[in-house]
Protein chains: 2
Amino acid sequence: MTASRVMNGRGGASEETRARVLAAAASLAYRPNTFAKGLKGDRSYTIGIVVPDIGNPFFPEVIKGAELAARARGFTLLTCNVVEDPEREAEVLATLLDRRVDGVIVCSARLEDKRLQQAIEPHRAAVLINRPMPRRVAGTIEIDFRTGLAEATRRLIARGRRRIAYIGGPPTSYSGRMRRAGILDALAEHGLELVAEEATTPDLEGGVDAARRLAGSGTTVDAVICYNDLIAIGALSVLRDAGLAVPGDIALLGCDDILAARLVNPPLSTIHVAKQDLGDAAMRMLIDRIEGRSLQHSIVIEPELVERGTT
Amino acid sequence: MTASRVMNGRGGASEETRARVLAAAASLAYRPNTFAKGLKGDRSYTIGIVVPDIGNPFFPEVIKGAELAARARGFTLLTCNVVEDPEREAEVLATLLDRRVDGVIVCSARLEDKRLQQAIEPHRAAVLINRPMPRRVAGTIEIDFRTGLAEATRRLIARGRRRIAYIGGPPTSYSGRMRRAGILDALAEHGLELVAEEATTPDLEGGVDAARRLAGSGTTVDAVICYNDLIAIGALSVLRDAGLAVPGDIALLGCDDILAARLVNPPLSTIHVAKQDLGDAAMRMLIDRIEGRSLQHSIVIEPELVERGTT
DNA sequence: ATGAAAGCGCTAACAT
DNA sequence: ATGTTAGCGCTTTCAT
């Protein structure tokens with residue numbers, strides 16, 4: 001017991017005893033056993049973070065932000081990759097529960113509402129990124145894509161674009177629906193509608209496929225808005241191969257502002273999201289919830305249009 | 001005890017008892033306590049993976065490969081980001097030990113040999129990616145950058161390049177030293193030497209800085225080989241801004257073959273590394289070591305030159 | 001200031 | 001086929 005007190009800096013031990021304990025610990029290369037600590041105590045100082053695909057450059061940045069914030073407060077991160085599969089998401093959330101994590105952050109959850117709520121409720125605390133949820137169940141950090149995309153679409157219209165197409169991402173993505181809604185909002189203000197629409201996987205190949213389908217459909221289009229930058233970059237290569245000028249013939253807009261966006265030619269116009277800040281904010285909110293001070297339930301981050309060479 | 005037997009599928013329980021236990025477990029939403037399991041047993045079915053920077057697109061791919069392999073065998077991954085700091089690396093390896101992971105994979109370790117060995121030895125099993133180590137201490141997966149870069153340099157020389165510069169990465173990177181050695185090997189075969197050399201951080205900004213220093217030094221150069229693609233892409237933008245033609249005036253070669261490499265303009269010639277395979281191979285080797293069947297100690301993967309538009 | 005007892009949830013070893 | 005005992009390493013509670 002005395003040793004325990006000394007090792008945890010609880011005081012209540014004479015200076016001499018303290019020194020002896022510390023010396024013994026050092027000579028034995030003592031390290032506390034996390035399992036024993038966790039078995040008794042009700043805290044594991046571990047947090048789970050779930051992302052749809054770590055291979056998508058958006059998420060490592062979020063993880064990085066979250067990890068830095070976690071570490072600063074003495075928490076370790078358990079990163080779980082779901083590979084875009086809702087089943088895996090449920091599975092992973094259960095595993096995290098078994099591991100007695102103190103809380104979970106779920107990025108862009110792919111599970112439908114009811115099952116998501118079921119998977120999350122048993123957790124002591126949770127924060128969702130880009131997905132609404134009753135405050136009792138989870139805190140939320142939302143990027144206001146609806147406003148962001150409405151704004152961007154208005155800009156496109158102001159530049160004379162009328163025949164706008166949308167290439168969407170996973171059907172289960174809440175933020176994807178918001179992006180689409182924002183576009184429709186702006187379009188409606190001008191009595192316009194989407195002239196074409198495709199849905200695809202949120203990666204380069206998905207962009208290539210969708211752009212090909214779009215080109216094959218014969219619909220004339222003067223702007224394409226994409227669910228994310230990866231899709232936009234894939235589409236860009238198809239447009240270029242088809243001999244279309246970007247932005248001369250067709251304007252192109254991505255979303256996320258990943259590293260590659262400014263490297264392609266022409267550099268991709270996109271909607272910038274502060275990815276590390278997102279992870280940082282989520283982690284702070286989660287730790288607040290874990291520690292019982294639930295200051296705020298919902299944070300909304302405004303994304304920012306970055307016009308580069310494709311609009 | 002009977003419940004334990006049923007839950008672990010150990011048999012030795014009547015069909016009727018089994019059903020009752022399972023029913024009770026379901027109605028209680030029973031989930032085993034990982035800490036209690038871990039406290040008793042000597043296995044946690046958790047593996048730690050340490051990377052220098054999760055923000056560098058190379059590593060998420062490795063993690064993805066490792067995670068897929070781990071999950072297939074019932075292990076969970078603990079991902080740790082070191083942000084290029086050797087101290088953090090030692091710290092993280094100790095934390096992983098506290099968490100009683102069954103083993104660790106360390107990617108491109110930044111710690112110097114002695115401390116690295118000390119940090120790794122107490123672990124039950126370890127595999128290092130791109131760093132040699134005595135077989136008793138850790139298994140290794142190595143990409144043969146020396147041969148790869150020698151080959152690539154020979155190709156550059158064959159194309160008439162003579163004034164070759166190298167922009168290196170972190171001084172503590174073993175694989176960086178191998179890359180450099182490969183270049184020197186090929187150069188020496190033709191009685192050549194490096195005409196200039198810079199070292200920098202392995203990211204876009206590092207590439208920009210180093211290329212500026214190179215340009216400012218006044219040395220004429222007709223080819224630049226870079227530690228990785230990120231540096232090469234940063235350098236590319238500087239060269240372009242300086243009005244230099246790539247590859248007309250200067251050839252440029254990266255390393256890793258990250259996604260962005262084929263997206264820049266002109267597309268970057270680079271040395272392709274099978275990143276997911278790397279993670280997969282490391283995880284298999286680690287699990288073999290954990291389970292006592294240490295089939296092989298060292299795997300060498302040959303990288304492959306991909307010539308695109310910058311050479 | 002120090003220590004003894006008990007228990008967290010699980011399983012290996014040993015009965016019955 | 002089923003149950004009992006004990007102990008993994010730690011901390012909380014209650015003495016001394």
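The basis for the numbers below is simple: all heavy atoms, side chains too, and nothing from hydrogens, waters or symmetry mates. Remember, predicted model here, so these are calculated numbers, not experimental data. Lettering follows sequence order; numbering is per chain, from 1.
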Discussion item. Holding to side-chain contact (heavy atoms from CB on, under 4.5 Å), I want the full list of residues that pass it with A:Pro32, two or more places apart in sequence or in another chain.
Written reply: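 Partners of A:Pro32 by the side-chain contact (heavy atoms from CB on, under 4.5 Å) criterion, ordered by chain and then number, come out as A:Tyr30, A:Lys37.
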
Practice prompt. List for me each residue that meets side-chain contact (heavy atoms from CB on, under 4.5 Å) alongside A:Pro86, sequence neighbours excluded, and say none if there are none.
Written response: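 Residues passing side-chain contact (heavy atoms from CB on, under 4.5 Å) with A:Pro86: A:Arg110, A:Leu111.
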
Worksheet entry | Rounded interatomic separation in angstrom, taking CZ from A:Arg18 and C1' from C:dT2 |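 Whole-Å distance recorded here is 16 Å.
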
Just jot down the side-chain hydrogen bond (donor to acceptor under 3.5 Å, both in side chains) partners of [X], sequence neighbours excluded, or say none.
X: B:Thr76; result: A:Arg99
X: A:Ser173; result: A:Ser175, A:Tyr227
X: B:Asp280; result: B:Arg284
X: A:Asp85; result: none

Determine all donor-acceptor pairs shorter than 3.5 Å in which one atom belongs to a side chain in residues 18-27 of chain B; sequence neighbours excluded.
{"unit_1": "B:Ser27", "atom_1": "OG", "unit_2": "B:Ala24", "atom_2": "O", "d": "3.2"}

Item to complete: Look at the side-chain N and O atoms of A:Thr17 and state whether any lies under 4.0 Å from the OP1 or OP2 oxygen of C:dA1.
Response: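 No.
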
Worksheet item: Nucleotide range of DNA chain D contacted by chain B, 5' to 3', under 4.0 Å to a heavy atom?
Response: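 First and last nucleotides in contact are D:dA1 to D:dG9.
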
Response to the item:
Reading nucleotides 9-16 of chain C from 5' to 3' and marking B where a protein heavy atom lies under 4.0 Å of the base, S where only the sugar-phosphate is that close, and - otherwise, the string is BBBBB---

Worksheet item: Looking at residues at least two apart in the chain, or sitting in another chain, which of them share a ring pair (Phe, Tyr, Trp, His ring centres under 6.0 Å) with A:Phe145?
Response: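 With neighbours one apart ignored, the set is empty.
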
Item to complete: Under the ring pair (Phe, Tyr, Trp, His ring centres under 6.0 Å) rule, collect the residues that match up with A:Phe59, sequence neighbours excluded.
Response: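 So A:Phe59 forms no ring pair (Phe, Tyr, Trp, His ring centres under 6.0 Å) with any residue.
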
Worksheet item: In terms of side-chain geometry, is the basic nitrogen of B:Glu121 or B:Arg136 positioned less than 4.0 Å from the acidic oxygen of its partner?
Response: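 Salt bridge: yes.
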
Response to the item:
DNA chain C in dot-bracket form (Watson-Crick or G-U pairs under 3.5 Å, [ ] crossing, | inter-strand) is ||||||||||||||||

